[in-house]
Structure formats: structure tokens, C-alpha cells
Amino acid sequence: MGKPTGFLEYRRETSPRRPVEERINDWRHVWRDLAEPDVRTQAARCMDCGVPFCHHGCPLNNVIPHWNELVYRGRWRDAARILHATNNFPEFTGSVCPAPCETSCVLGINEPPVSIKAVEQTIVEHAFTNGWLIPEWPSQRTGKRVAVIGSGPSGLAAAQQLNRLGHHVTVYEKNDRIGGLLRYGIPDFKLEKRIIDRRTDLLRSEGIVFTTNAHVGVQISVHGLLKSYHAMLLCGGAESPRDIDVPGRELSGIHFAVDFLSQQNRRVAGLPLASEREILATGKRVVILGGGDTGADCLGTAHRQKAVSVLQMEILPRPPAERAASTPWPMWPLQLRTESSHEEGGVREWSVSTTRFEGGPDGSVKKLHAVHVGPPPDFAQVEGSAFSIDVDLVLIAVGFSGPRKSGLLDELGVALDARGHVSTDENYMTSQPGVFAAGDMRRGQSLVVWAIAEGRMAALGVDRYLKAAAMISQVQSPMRTH
Amino acid sequence: MNPTPSTDFPLYDPRTEHDACGIGFIVNVNGEKSHGIIEQGIEILVNLTHRGACGCDPETGDGAGVSIQIPHLFFAEECLKLGFALPAEGEYGVGMVFLPVEPQPRFQCEGILDRVVQEEGLSVLGWRDTPVESDAIGRTARASQPYIEQVFVRAAAGMDREELDRTLYIIRKRAEAEIAASAIHEKHFFYIPSMSSRIIVYKGLLLAPQIARFYGDLSDARATSALCLVHQRFSTNTFPSWQLAHPFRYLCHNGEINTIRGNANWMHARQSVLRSALFGENIDCLFPIIQPNVSDSAALDNVVELLLLGGRSLPHVMAMLIPEAWDRDSAMHPDKRAFYEYHASLMEPWDGPAAVAFTDGRVIGATLDRNGLRPARYLITNDGVLIMASETGVLNVDPRTVRFKGSLEPGKMLLVDLTEQRIIPDEELKGRLSARHPYGTWILENQIRLEALPDPPRTFGFSPQDIIRRQRVFGFTDEEIRMIIAPMASGGEEPVGSMGKDTPPACLSDRPQPLFNYFRQLFAQVTNPPIDSIRESQVMSLTSYIGTERNILDESPVNCHTLKLQDPILTNRDLEKLRRVSQGDFLATMLPMLFRVDGGEKELTRALDGLCRRASLAIQSGYSIIILSDRGFDEEYAPIPSLLALAAVHNHLVREKTRTQVALVVESGEPREVMHFCLLIGYGASAVNPYLAMESIEHLVGLGVLPDGLDVEKALGNYKKAATKGLLKTMSKMGISTLQSYRGAQVFEALGLGKDVIERYFTGTASRVGGVGLDVIAQEAKLKHEFGFREVSEYEAELDLGGEYTFRMDGERHLITPLTIPKLHQAVRQADAQSFREFTRLVDDQSQGLLNFRGLVDFKRGTRGVPIEEVEPATRIVTRFVTGAMSYGSISKEAHETLAIAMNRIGGKSNTGEGGEDEDRFAPDPNGDSRRSAIKQIASGRFGVSAHYLVNADELQIKIAQGAKPGEGGQLPGHKVDVFIAKTRNATPGVGLISPPPHHDIYSIEDLAQLIYDLKCVNPQARISVKLVAEHGVGTVAAGVAKARADSILISGDSGGTGASPLSSIRHAGIPWEIGLAETQQVLVMNDLRSRVRLQTDGKLQTGRDVVIAALLGAEEFGFATTPLLSLGCVMMRKCHMNTCPVGIATQDPRLRAKFTGTPDHVIAFFFFLAEEVRALMAQLGFRTMDEMIGRVDLLQPREGIDHWKARHIDLSAVLHAPAVPLRFGRRCLVAQDHGLGGSLDHELVSRSADAIRSGTPVNIHLPIRNVDRAVGAMLSGEIARKRGSAGLPDDTIRVLFTGSAGQSFGAFLARGVTLSLEGDANDYVGKGLSGGKLIVYPPELSTSPREEWTVVGNVALYGAIAGQAFFRGKAGERFAVRNSGATAVVEGVGDHGCEYMTNGVIVVLGKTGKNFAAGMSGGLAYVFDETGDFASLLCNRDMVSVDPLEPDDDATVRRLVQSHAVLTRSPRAAAMLDRWQEVVSKFVKVFPHDYRRILSERAATAHGAAKRREEAAIG
């Protein structure tokens, strides 16, 4: 371990956020990187637990105590190696992960936990800066070809793992750029897109082929693809946004959060918007429905677009300021979270449910009617609590309902689970032999860290499948199709 | 006859039997024979009865016997009656012969003996039925009694007496061999106790008082002898064995040869080169020199006999086999050192505690081992009689006739030569031996030293480019490098960890394991003591001699043509020197230990066969050093596990009897930690070159990972230091002092290796549950090899991360995981039964996922259940639960008290651990809770073990060993000893505390019996329990413990242990409780001892299933430490040793203690949830009470359908075996032990002191005392403590004057207010645990001889004394005031190791001290009268103390004490000193511990500062 008494000597510090008045005027990361000596001090707070709950709490099982020690000792390169051994893209998780590792950190039982995320991010930045991350080709090629559909974190992770195992990998992406939700879902102030580019450049150099603007199931026939590949991995995400069913929903000025956010990302990137109408908060009174991360992203984006006012509404009650007793350590805590966007302004309302929208003569939304409700699962209306507010733009950020069925999934005919996600066996194979699924498409809407984990595990499943198939017959056509 | 490990008793191995005893002899130095000598010899024996034991049949002893000169006149008369005449004395020999009882086989045996006598050219004069009185002995003894005859054999004409004895030896060996090989029915009865022209042995399965009646010869007044050697045996078994009684032909022994397996193996191996002109062609008849399946003492006797009859004198033989510690003794005369070194190059020592008394009829004597671990006291009378015995006072001798009383010192010999008719002092004797030959010159001319060999032209260098590949091939993990190798290289110490072990044994692990991991270290417990290799380093030696071993019967210069190694860990340079050596006979060759990796088992077998063949060839070609090397592995060839290759060659050469012609050196990348070196040496390697471990260190230095300023040389030096220290420690755990005896001693057991592998390559090693074969071993090598030859990616860890010491998701599996801990927390904090069920399901599933042996068993189906309502309530079950021994000091006050409160609330028991207990906890709290621990532990450090502590207990637990580090001591560094800990441990804040490896009052089983007796005297109501750790042979130890009258025995598993321990001990010592418990249950049941004791077990017990399995295997009670701690919030940080526990449990840091959130309710919730789970299982299995369930092993069966690549080879049938014994043999505790307290002298003291105790009225008592009066004062002190608390009575309230010789433990735990004066002398353990009382011992006033140099008290006086005073006019034995923590004493001379581990108090020595004074002394003061001025340079161990002149304060202290001494003991020496005090005082030196000095000066500074501040304040 690094420093046995570090946790008694040092206080927790995380990457400092830039001043609100500064960051609100640009789209760059809201934080400033912690200085290297400070990061090493933070790493010294790690207690190198006999049972490191962080390591278990992390879906990737990042070997956190290990790299904490290496960082404390200034062995950045070794730290980068250990970090990459479990995490293909620590720069993504280092930026956007809500860090379940930190909430399960043993120090967190009675002290602020170790700043794991800041350490992780610093390690990978060091690695990029020093040029340690060089493309690594597999030592030999298996001759097997794998198609990965979707270039979000799960697809990318799977692609890299499969490529390392010697398979030829082609990634199909329906959008014009690689990255999935990382690219067009997460605002730049949380993840600057250059971060994605430098990584995908690396992947390309390792021999992974990327095909963009290739919407499989729409522009490209699935069956055609199946014939050319020995295996296919579906990483298409859970793209269907969940809607709310209240009168007035059809009014203009009511949008899904994801549409709002992706437009802004294109603007920042200097890309033309799609044909749809522009969704802008500038000069508007904005209401965000949904108190989660996506809602917070909308909040930050709306402020940067200079909205007049922003209200974020959540149907659930306000969580306690500290970890709720119902979610003891090391569980993911029920607790009020204050994201960077919340610091930038806006109002948060809890236990509120929208009952109706009211439009103006132009058919655009003008008023939102809501009531206060009781706790779940009933959300009983509080009598006499109805109220209304004036609104110009409503953003719906109440989650996703599952993968898009039409096209790809329908055509493949893979079985779905009860919640509408693609169902697989323990090897991540769908009901179609040779077709695998991973990420949100399989698991449902989740964290980037889970997507990467899914991609890695699915790659192993694919590899096992390909190896077994190779042993059964070398001559048969790559894959049976129906 | 002994049973062998068989299907009847599969876990019992007779090789694990131990014995210990009392020995003694009496001799008329002038050689005058009388019957009185025999009578007195037998009286000695009778007075040593308490040192022996009896088994289930109280009338049958473990064995007793005497050896006397042949009573010629008596036999002449008796033989005439039988019709044959004896020739003159010396012209015939007498054989004492045990024969089959049935006539037919008896005649056959007699016939064979008759014929062999003739064939050897002698003639049988006649046979005599030895008259015996079978009624005199016990039922069990009678049942196995042989037919006992004497055979009289006439010498051939002109044969001298030496030749006669030699021929008798040959006759005996031939007859033994022939009869053993015959098909004679009942041949096992045949045994010849003695066959000699000079001595005869009468022995048997007897109790001492029975012997004279049983053997009529001995009580016949016509039988005379000038000497009588006697022995009373205490054995761990109760299997009748007439043969194993002592004396053997030439010796009797108290102690244990720890290295017996190696000694026997080497002896066997060297038979091929034995030549002797004296034996000529006949020498082959003598083989095997060591009879198979005999005890260690019998084996020693076999070798003594060979060497003696081979031409050496008996003292010469003894000095050769049991040498003094000469290696590090710079004060020893060079000739004597040369004598020992010469013989060391001939033969390894027979190592272990030993007091050996020996006689060949011409001389009689005794010698002590180098550690002086057994007592031997002697007295000489004015009329030339010498009496030597384990105790003083064994014969009533008129004090007026006593000329001298002494004690034998470590490594010294006491010898009476009846030819010269005098006692030959040790110095003269050894001087004579040393002068036999110019040994020094021989060594100088013949011995080669490694350091002196020329430097090699080049050595292998460090090659960083492929180090990762090589580390992978040998299975190095990143964790090993970080946690083992790096700390060794940077600190020179073995790394430490805590919270025990919860990973699977190698044979259940999914991961490829080093073969090393399939072995466990054996360690000493009870029957012999571990040694402190740090504080008593002068007895330890790593030196070894390699080279072709020659004929040990020959004494010539060429025998020391050896190569001397200072230690066995070789650097690359050392190895190159060896590789290129070409001096004299030395020539080395290299054999590759590699195999074709794709060929699996077949190729591995082939490679091993080839290796053995090539080794034989190398020997034939004249090579004397074989280097087994794996440097040459490549893509095709993988390294053979180094241990396998070495052991294969070693055992092959032993079988071939060529082993002693060659040295085996291992050059391997594989060994890296201490255990690896131990195994390689333990299986025969002379030296090991761990080249990859060393290169890894160079790599680390290059990476800058090690601390700044550490260069490669320094780092390698540190590594070597850590490795050799660890090696010494591991040896010393088994009580072995010299590497030479450790080499090949195989003191390991295998866990999970198959029968074939064991028989073929690890011959003689115990492996009780079967296990993997060569196929799996080859597969493991292959997996590592494959990993090694895979490309190393930038995006992966270079090495496997490990996960053995800390949990890793992809690493080794653990029982305690991130999933189970929160479940348990949730369960106990929220009283959530569902969570508890989930917790236990997870744990049980993990177990059954092949994590431990209980996971491999199932409950037998088909039993009829009972309704759960009928099962006894949980409130009854929880009373069987105890918490583990965790000291206040290892855990916080809060955690310690919470556990106590919880256990007291539910009627279970908590345990103090070894740190004492604040007496403020003895009385209940106002709210009714009690913080008093029901179990008070007595550990080797004896911290806070006072009479008051002892009486405040329901159970007194003697901790022999602990699961995490059996056989090791501990250390609490000074900075952890705060004011409160110091108070409970009777220590000084800031002064470090050391727990010695052994209890200094338990060096053997009869010592344990004594301690049990002592404790029982102080607190007769308390149960006495003895804590053992599971290992091969723990069952036989437990049988001994049961016979030593423990009420309860705890079998601790290897996995437990919450405290800090060296990682190598946590992982590699001890075995799982499942096996140890089963073995103990089986051995106790088959000996019918089980019904006398309760059995408890512990070791990571967590679930109802665990408890029920333990009960079925025989446990009545269950210990828990880890899980209660988890209940209190422990999160398995495994940082207990660092004082940084973040949840306030294992820390003394107030900031962290504040974070403790555990409550008694949490612990109680755990135990009740657990009890309910037990009930549910009981209902399923059909038990209404726990009692019904205990020992019902028939309800367990091996789990079916296990197809794990390793686990499927495990065979638990031996563990699940129910011994076939009569139903009347209890399977659980049914009767109480008889502690024999009724005869205690203290009853009288107590009754006469009743008033004094009640009202403080002073009382004076006068009583005679004998050596059988043991622990005098202990019961009285218990009474006082109970009634008067720790304050006791005012000083001198009760004064007792004794006359005579006091038995052991005189004045033990003596309470304040009692003064015991003794005119006479006392045995061992005087004033142990002295608790405020006063002791005065002085020699009898009636004696007319000068008594200045007499020994008046035995060994280990004032051990763990807490307070009080002692004045001894005369010398004390070894280890005077060991671990003294507060007593003040004056003594006129002490033996070796005086004031060892002392932490407080004042000791004044008015005369000579022995060696190693003040070793480990951290506190208190000692003043030594250093008349010769050599104390500081030669005798004092100055590692922790300085030797200073006295200061004025000291002068006053010493003078006051000498004055008291003069008054109380009437010491002439003290009086004389006081007369010329000014002159005398300048010769006193002060022994001042560094720690103590620092604290005193800090205190002075603080006081000064405070005074100054006050002053300033006043001025201000």
C-alpha cells in the first residue's frame, strides 16, 4: 500500500470545478484537472483494504487499490497498465462515471471516500500525454470476422477486446461519427469530444474498421451482413426515450432530452443539424421533466444556451442529504446529488407530477399544469396542490424504454426479455446463434461503465463461440442463417 | 505393539507419539556395589511418579524401568539353582528377553537366539525365567505383558570384554532381524531390553511403585549394583508398549528428538559406507542400524550403541550426537570448537530438548541439550554417592552428609567414571576428548570454505528484457512481488499480515499453484518447545558442511574434507564458485530439471526418472555436488517444480544408499519466499540459489520501487537476511536449532498430494486426505509456462495480480467477500434474519464451491428429522459459543469489552487473550452487564497473570499455539504500550513487550501437567483448557494433554487468527480444523480418553452448517473470532498489525477508536441467528440436543459429483472415519478429570491461615516439605485473592517455614502477605507468577560443607512474576526471572538466559551469571556482581540493554537489597560483601534496557518541563 496513515492525514479533494460564471460561457469541461502532486496525495488516502469494496463495486472491477498505490509512488506508467487491464476507456469513465467505486469505498463508511475518479482520470491523461498508449496489434489473426453494430461504449469496448483476441472487427454506426451516446448524448462540458476522437484514432490504428452512416436494418440489410461475418454483436443501445402521457403532449416546444442534447453536441462540433427543427433554450422559460443525470445535462445545456429560467421537476421525493438508512454502505446510496449543472442555476422541484400542457395559439406549449404527489409506489396526489407555471420549452428526461425494435431487431427476430431488451444467455448470445448483444440494448439503460463491462464480457462470449465453432468445423460456412 | 496408520485408525499415526518423563540415577562413585543403590534408585523412581502419567486405566503407567550393573553374585546363585554355573564376572553376558506368551512361538524365538549365539561362536549357558508378579501391575499392562526370560551367554575363549559386548550386539541384531522377518506368530512380543556383560535393564509398562514388586530380582537383597539408572515415562498414547519404556540399552531420555526423521534417514543412507575393523564382515548384520518404527529415544540408543561398540567412548558418542552450541560461542576453547566442528562435518546433531542419562556399566552420566530445556539436578554426598534426577529432593539425604548440590548446565556433561572412581568435570572431560586428535589442524588442512573459493570469471547477470516471461513461467504474482519480495528486500524482514487465511488450500484452488503450497510446516506444541531464534540466537546455526560423507566409524582427517557454507541461500556468484569448484574431492555437475511441457504426466515422470538416473551416474562418475538447475527452460521445456525434482533425487539416492556421497544444490527461479527455502532444505537441499527472486529484486531497484538509497547489493543483502531469519524461525518453531539437522528432516505434512506422489517422491511425509497426482502437477506447470510464453501486452498487468493476501475479483477465491460482509452487517444491525440467511447461504455456497474441506462433505440423507419445536432452545445452544482469544492491545478496549458484555449476556464465554484484564472489569457494571471475560488466557508472555486474575475466571486457557502463527512468539512494540495497556499487562508505558515462543514452564508434556496443576490449585473451580493448533499428530498431543488432566482441549484451525503474524506463518503452518478435530476425536476415543475432556474447535466458523459439521466431527464447543468482529463492523481490512483499523476495532489510536460503532446486540444477534440455524439443521438430522450430535461422524459423507480438476482427488474417508471401539468409550465429555488436589500441602496452609485471611491476624507455620509437594502456596494465594483481591494481605501476615526439598512451582502466584521460607532447596518454577508474596530459600544450616556454589532453586524461577520479593542464598538454574514484570529478587548466581524478556522489577545477582543474560529484556533493572569483569563481553546479550557502572541511586538500592538478603537468608556472601561495600560496589554493573532508559529520561524531561513551567508560572 502507499501510505498506511494517508487517510488520517489528508482530506478528500476532487478535481475542482471551474467558476460558474466562467464555465457557463463555454462548452469545455466544467472541471480543472487536479495537479499531479495533489492526485498523488489523494491516492495516498487509499487504505489498500483486505477486501476492497471499490474494486467489487466497480462494474469493471478496476483494481483501484493497486493503481492508487502506483500513483502514490509516482509510477504512472504501471498505473496506466493496470488501469487499462480492466478498463478500455478510463478517460470516459474518469469523466462521466458516477463512481459507484467511491460510494463503496471503505473509507466512506465514516469519512469522505477516496477520490478514485480523479485519480483514474489523471492516470489516463498521463498515459495519453506521454504517448504510452500506442496501438497494439494482435500477435496473430484468427481469420474470423465480427460485426459490431453500434459504436457506443459497449460496442467500442467489445471491438477492442475482439480485435485483441485476433478477430477482424468492423463497427457499424448509424450516425456520422463514432461514439454513440458519448458523442451525441453527453454534453461537451462533461465529455469533450476530442476525448473520444483520440481513442477511436487509436482503435482504428489497431486495425478495427469503422463504418459510419451505416444504419444496419435500415440502410444495410442484416442478413447481408450475417453472411459476411462469423459473428455479430449488437450494441445498439436503448434508444427509445420514455414518454409521458398527458394531455397537451403533442404541442410544439415539448421535446425529448436526447434530441435537445444531441443537437447541441453537433453545434459544438460545427456539424450541420439534421433536418429537424432547432431546439434551443435561448431566451426561454425551460422546464425539464426528470431529476436524473440526463435532466441535469439538459439543465447545464439550457443555461449555456442562456435560458431565461430553468425548472427541473422530479416525481420522486427529495432524497436525504446524507446516505439513506435504507441504502447502507456499500450500496449505491439514496442521497441528494448535486451535479455541476445544479450549481449553475435553476430550481429543483420534488414530488411533482405533470398533469397537462396548455398551448398557445401557435400550437406551442405555454403552460404546464402539475400537482404535488406522495411517495412511490402510489404517487398519490396531494389534495389542493395543483399549480401551473409558464413555459416555453419542455424537455422530457424520464429515461429510456428500451432498444428500437424496428429494423435491426425485428429483422433478426431475436428474442426479447420482459422489459423489451434483447435477451441473451450467459455468453451474451441471443436466441440467434452467432448473434450476440451487449450494453444498454441487452441490459437496459445504464452507466457508461456498465456498457464497457458488457462489451468486454460479450467479447469473451463471442470469442468462446468462435473458438468452439472453429473446432467443430473449419469448412462450414461462417454462420448458419435462417 | 503399536498400531500403525491403518484402516482401523486412519488419522492416527504412531510416528507422532511423544514421550517425556522423569529420569534419574544414583551411583556410588567408588564403584562399591550394594543392594541399597538399587533400592534408592527405585525410590527415586517412585518420587518422580508425578512426572509420568497413566491412561484410561489408572493402574497402568506409561512405562518405567531401571538399568543396573549385572548382579553377578545373585545370578550365580540363581543359575546354580537352575542347574548351570556362571563363569567369572565379565566372561559371560546376560540378555533380558521379552518373548511371546504362547509356548510355541516362544520356543521358536528362543531357538533362533540359541542358534545365532552358536553361530557367532558363543554358547548359551542357560535360560532363566525372570520371576515376575503380574498382580502388581495394571489390567492393561497385564494384557500385553510378554513372557520375560534371561539368557546367559558365555564368551568364547580368550574373548575380551569389549569383544564379548560387540558380539552380543551382533547376536541381538541378527536375532531381531531374523525373527522380524519370520512368520512366527506373536513375534511382535520379541524384544531384547538389554544384552551385555555389564548391565541389565528391567523395564515394562509399569508405574514406578510397581516395579520392585513386579520384578522380584530387584527386591532381592542379594542383587547389588554400584549404579542404578531409572526412568518414568509420560507418553501421549495409552497403547500398551512394554518395549518403549526406558531405559534402553545404554540410555534413558527426557525430551524429544525433533529431527528424528532426518537423523534416521541420514543414518540409513550412510549405512553403505560404514566400515569397521572391529565388526569386519559382520557389519552387514547390524543393518538397519535404527530399527524400524521405534521411538526417537530408541533410535538414538541404536546409534549410540553402534558408535560405542564401534570403538568410541560413551561420553565421546554423547558429545558427538548432542553437541554444545559451539558455532557462535567465541569464548569456547579453540580445541573444543575444533572437536565439535570436526564431528559436525561427520554427522548432523540429534536436535531437540534432551536430558539424557547414560551408562555402559563402566561410566554413568548425563548430558543436557544445548538449550538446557530439561532439568537435571544432582547432589554428591560425603561418602561418594552421586544422585542425579530431573528433580532435587527425590531421595531423602541427611543434609549433614551433603557435599554439593548442583544442576547440569546446557550442553554440559556430568560423568562418573567407576574405573577412575571419580567424577570427571565437564571441562576436563571435553578437554580430553578434544585432545584425542589434532582436530583443528585436520580442519585447517582439509576443510574448504565457500568464501575462500576463487571468484568465478563470470556469473549470470541480470537480464531485464525477459524477466516478465520468466516470472510468469515460475508463477510469480504481482502481489508476491509487492507484498513478499519487495518488503524482504527493503526491510530485511518477513512481511506481516493479519486476519488469518480464508482462501482455499492449493488442492482446491482453481489457479495453478506452486508445489510448495501443497505442504504445511510442522511445529512444536506441548511435547517440545519452540525456540526463540532471535533472542536465543547463540544456539542457532545455519552452517552446513557439504561433500562426500565418509565412514562415521572411522576417525581420520579425511572426514572433515568438507565444504563449509555459512548459510544455505546462495547468490549467483556463490553458485558459480560451487559450479567451478575443483579442490580435493569437490567437483560439481549440473542436471537440468526440465520436462517437455506438452507431454504432461508422462513426460514429467520420464524427466524425473531420467534425473534420478543421471544423479546416480554422476555419483558413479565421482561428482560430489549436483546442481539441479532450471535455467534452461524454453518454449518446449518447462521447469519441473523444484521441490519435486529435488525430493525425487534425494529420496532416490537415499533408497540407493548413495545419498551421503553427494550434495544437492538447487538453482531455481521458483523459490522466493521463506517457506520455499524451508521446504527445499527440509527435503534435502544443501543450498538454494533463488536466481529469479534475486533478479526480481534487481528489477525492482531498477524501477525505483524500493526505498531511496537502496542499491542492488544492499537489497539482495536484505533479502538474504530476511530469508535466513525466516528459515531460522521456521526451524525454531519445531524446536530445531541447527540447519544441519533440519536438512532432510522433512518436518512438513502434505495437504492434498496423492499417495503415489508421496510414496515415490516425498517418502515418509504424512498426507492424510490424498490429493493430486503428477498429472495435475504437470498441468499446473503447463498453465504457467503457457502464460509465460504469451505476448506481454501494454494493456494488461504484466503478472497475475494474485489475490491471495487481499481480495481480487479475478484472483484467488476467498470465504469472506464483498458480498458476505455487508449481508452480515445488515443482518446484525437491523436484526434482519433474511439477511443472515442470505449471508450464510453465500458462505455455505462458497464452501461448497470448493473453498475448504467442510465444503466437500454432505449430511447423510435418509435420517428422520424431528419437529423443530422439540429441539433444545437457542438459549442453550449459544452457551456453547465462545469468542476467540484477542487481547486488549490487539483490539481496542471498546471492541474487547463489547465482546465480553455480549457473551456474558448470553451465557457464552469471551476470552481475555494474552494481554491480561483490568481488574475494574471483574465486578459487574451498575446496569447488570459484566465486562469480565469468562475465559482468562495464560500465554507465554504471562502478561497480567496474577493470582487475582486467575481466580476471576470460569475457564483458564493455556495457549500453546495460535492458528495464525503456531510456534511463534509475538512482540508489542513500545509505542503501542500506552498507559492503559501497560496497566493491564503490568508493564511500563512505552516499553516493548515480547511474548516468547514457548511457555518457559512448558517444555514437555509433564511440564504442562504441572502448569495445569498450578492453575487448578489457584482456582479449583475453573476449567483448565489447552489450546492447540491442528497439525499432523495433534491427536496424540491431545491425548497427552488429556492425560495431563486438562478439562478441555481447543483444536484451532489454520485459517483462524485475527492478530498480526508473518504471512508465511498465516499461510503455511497448521492445517484445517476439520482434519485436526477429526484426528483428535479419533485418537481420544480410541484411547478412551475422550470422556474426560471437552473438545472445542475454531477457525473461520461462520454458519450453522459449519457448527453442525464441527459437532459431528466431535466438537462440543465452538470458537468464533472473525465473525464476531465482522458483526462489530470489521471490514477485513487486514491491517490489524498497522494500528490503522478504520472502524476502531484493531487499533489503539483514539481517533480511530472513536469510529467504533459495534454493540453487544450485534454480537448477540449473530450468535442467536447462528443458533437458530443450528437448530434447524438439528431438526433435519433428527437431534433434539447438541449432546446427541457430538461425534456422530457417521452422519457425514463425502459430497458426490465433484469433478474439479484438483478437488476430485481428495479423499476424506479418513476424516469421516468412526473408530471401531466399544460403546462404553465415550464420544463426548462425560466425567470430570481427577486433578488430585486432595493431597496438596496447601489444604493445611489454608486451614491454618483462615483467621489470617479473614482478619489479618499474623500466623506462623512450620512444615516439612518434599519434592512431591508441588505448587505450594498456590491454593492459599487463590484463597487470598478471592477474599482480598489484588491487594492481598499486609506483608508477612502469613509466614511459613519449610524444611526439605520443595516440589515444582514452589510459591507459584504467591499472594501479597504470604512469606514462604525454605531451608533446603527447590525445584523448577519457584515463584512463577509471583503476585506480591515473599520467598526466601537457603541451604540447610546443618550442612558442614561450604554451600556458596550450591544450586538452591531450579530453572525458570520467577517466570512472569508480577510483584513481590525473593531472596535465594545460592544459585538458581537457567532462565532466572524470565519475563519478570515486577518482582525484586536477590540471588547468588544464575544459569543461562537470566532476566530474559524481563519488563520490570529489580534483580540483583551476587555471583556468576550464565550466558545470554538479559536477552529480550526491555524493562526493569538488573545488578550483577561482575567479579571477573567479563560479564559485559561474554555473558550479557547487549542487543537491548547496556551494561553501565552504578550511579549513587543504584548503590543505595543494591545495598538495601543485599542487606535484606543478608538478614533474611543469613548469607555469608552477602555479609562479606557488606563488610567491604566500597570495594565491592565498584564491581557491580547495572544492566539497563535501552527502552527503559529512554522512557525514564522522557519522564524526567517531562517532570523537569512541568517543574520549569510551574516555576515560570510562579515567576510570571
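Quick caveat: nothing in here was measured; it's all calculated off a predicted structure. Order of the sequence lines sets the chain letters (A, B, ...), proteins ahead of strands, with each chain counted from 1.
Of the atoms belonging to R808(B), heavy atoms from both backbone and side chain fall under 4.5 Å from chain A. Residue L133(A) touches chain B through both its backbone and its side chain, counting heavy-atom pairs closer than 4.5 Å. With a 4.5 angstrom heavy-atom cutoff, V106(A) touches chain B only via side-chain atoms. Looking at S498(B), there are no atoms closer than 4.5 Å to chain A (heavy atoms on both sides), in backbone or side chain. Looking at E794(B), both its backbone and its side chain come within 4.5 Å of chain A, counting heavy atoms on both sides. Within the 4.5 angstrom heavy-atom criterion, only side-chain atoms of Q826(B), from C-beta onward, approach chain A. Heavy atoms closer than 4.5 Å to chain B are found nowhere in L70(A), neither backbone nor side chain. Of the two parts of N1139(B), neither the backbone nor the side chain holds a non-hydrogen atom closer than 4.5 Å to a non-hydrogen atom of chain A.
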Go through the steps for E454(A) and S154(A) under the test side chain to side chain donor-acceptor pair (under 3.5 Å), then give the verdict.
-> CA-CA 6 Å; E454(A) 288 258 322; S154(A) 64; over 6 Å; no
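For K976(B), there are no side-chain hydrogen bond (donor to acceptor under 3.5 Å, both in side chains) partners at least two apart in sequence or on another chain. The side-chain hydrogen bond (donor to acceptor under 3.5 Å, both in side chains) check on T1122(B) picks up K1100(B), with sequence neighbours excluded. Remark: D978(B) engages no residue in a salt bridge (Lys or Arg N to Asp or Glu O under 4.0 Å) (not counting sequence neighbours).
By the neighbour-count criterion of 12 heavy atoms within 6.0 Å, atom NZ of K117(A) is densely surrounded, having more than that number from other residues, nucleotides or ligands.
Taking the six-membered ring for Trp and the full ring otherwise, F1166(B) and F1169(B) have centroids separated by 6.0 Å or more.
Scanning residues 75-82 of chain A against chain B with a 4.5 Å non-hydrogen threshold yields R75(A), R77(A), R81(A), I82(A), sorted by number.
With chain B as the partner, the residue from H84(A), H66(A), M331(A), E111(A) showing the most heavy-atom pairs under 4.5 Å is H66(A).
A cation-pi arrangement is absent between R45(A) and Y10(A), since the terminal nitrogen or guanidinium carbon is not both under 6.0 Å from the aromatic centre and inside a 45° cone about the axis. Geometrically, R199(A) does not engage F92(A) in a cation-pi contact defined by less than 6.0 Å to the ring centre and at most 45° from the axis.
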